[in-house]
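Values in this document were obtained by computation on a predicted structure and should not be read as measured data. All values below come from the heavy atoms of this structure, side chains included, with hydrogens, waters and symmetry mates left out.
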Amino acid sequence: MQLTILVGTVHGNALGVAQAIQMSADDFSANITVLPMDELTMEVFDRPGAFLICTSTTGAGELPDNAQALYFAMDAQARYLGHVHYGVIALGDSSYGDTFCGGGKRFDERLQDLGAHPVGPMCCLDSLASAQPEEDALRWCREWLPQLMSRIPRNTEENML
């Protein structure tokens, strides 16, 4: 199966998580592409397969600078994304309270507004609770990918290969 990981990051932590997942592609029986969100537009969602948004959160629940263009394109170039199945890995710091993992939550909400289909619960990685976000994300992916495979229509999955 084809999986595209879209990465929003400031200090590289989200990129490290995405790359750890990509390096485990054989374990997941997936062809995984990692794309930093820099200058991406809505056309990225024309790619075959499913998507995983992997983003950190800055300030009070804000998006990283490199993720803002894609997020704002979801308004400026809004279109129905009913063909999109996705998951979210959000990195944050729980000491920020209500804005914890705000970057991922914002993408999740906007994708649902556009008709995309979330698969499973969001993975919220708390920098205060774990020093190994890559391991936590891999553990989550081991549960998430089977849910994804069960949700994607069979004919769509065959077209992804």
Would a single hydrophobic cluster contain both Leu40 and Phe107, if residues Ile, Leu, Val, Met, Phe, Trp and Tyr are joined by side-chain heavy-atom contacts under 4.5 Å? yes
Backbone of Ala137 reached by a side-chain donor or acceptor of Trp144 within 3.5 Å: no
So, does Tyr86 use its side chain to make a donor-acceptor pair with the main chain of Asp108 at under 3.5 Å? yes
With rounding to the nearest 0.5 angstrom, report the CE to CG distance, Met42 to Leu70. 7.5 Å
Closest heavy-atom pair, Cys101 versus Gly92, reported as atoms and distance to 0.1 Å, is SG-N, 3.8 Å
Give the minimum heavy-atom separation between Pro36 and Val34, together with the two atoms involved. CD-O, 4.0 Å
Might you point out which heavy atoms bring Leu35 and Val44 nearest each other, and give the distance in Å? CD1-CG2, 3.9 Å
Using the rule that Ile, Leu, Val, Met, Phe, Trp and Tyr join whenever any side-chain heavy atoms are under 4.5 Å apart, tell me whether Trp140 and Phe100 fall into a single cluster. no
Any side-chain heavy atom of Met37 within less than 4.5 Å of one from Leu63? no
For Gln147 and Gly120 the tightest heavy-atom approach is OE1-CA, 3.2 Å
Using only atom types and a distance under 3.5 Å, with no angle test, would you say the side chain of Ser94 pairs donor to acceptor with the backbone of Asp126? no
Check Ile21 against Cys141 and note the closest heavy-atom contact, atom names and distance. CD1-SG, 3.6 Å
Find out if a path of hydrophobic residues (ILVMFWY) with successive side-chain heavy-atom gaps under 4.5 Å connects Phe51 to Val17. no
Met74 backbone acceptor or donor facing Arg110 side chain under 3.5 Å: yes
Shortest non-hydrogen contact from Gln77 toward Thr41: OE1-CB, 3.6 Å
Sorted by chain and residue number, the side-chain contact (heavy atoms from CB on, under 4.5 Å) partners of Glu135 (sequence neighbours excluded) come out as Gln132, Leu138
Spell out, as yes or no, whether a donor-acceptor pair under 3.5 Å connects the side chain of Arg151 to the backbone of His117. no
How would you list, by chain and number, every residue that makes a side-chain contact (heavy atoms from CB on, under 4.5 Å) with Met23, sequence neighbours excluded? none
Is there a donor-acceptor pair under 3.5 Å between the side chain of Asn66 and the backbone N or O of Thr9? yes
When you compare the side chain of Ser95 with that of Leu128, does any pair of heavy atoms fall below 4.5 Å? yes
Verify the neighbour count for atom CD of Glu43: are there more than 12 heavy atoms of other residues, nucleotides or ligands below 6.0 Å? yes
Can you tell me if Tyr96 has over 12 outside heavy atoms packed within less than 6.0 Å of its OH? no
Give a yes or no on whether the backbone of Val7 and the side-chain of Thr55 come within a donor-acceptor separation of less than 3.5 Å. no
Same cluster for Val84 and Leu3 if Ile/Leu/Val/Met/Phe/Trp/Tyr side chains link at under 4.5 Å? no
Does some side-chain heavy atom of His11 sit less than 4.5 Å from a side-chain heavy atom of Ser56? no
Greater than 12 external heavy atoms within 6.0 Å of Asp46's CG: yes
Hydrophobic cluster membership, with links at side-chain heavy-atom distances under 4.5 Å among I/L/V/M/F/W/Y: are Leu125 and Val10 in one? no
State, with a plain yes or no, whether a side-chain heavy atom of Val119 is found less than 4.5 Å away from one of Ser150. no
No-hydrogen, no-angle side-chain donor-acceptor test under 3.5 Å, Glu62 and Thr99: no
Is the closest side-chain heavy-atom distance between Ile53 and Tyr71 below 4.5 Å? no
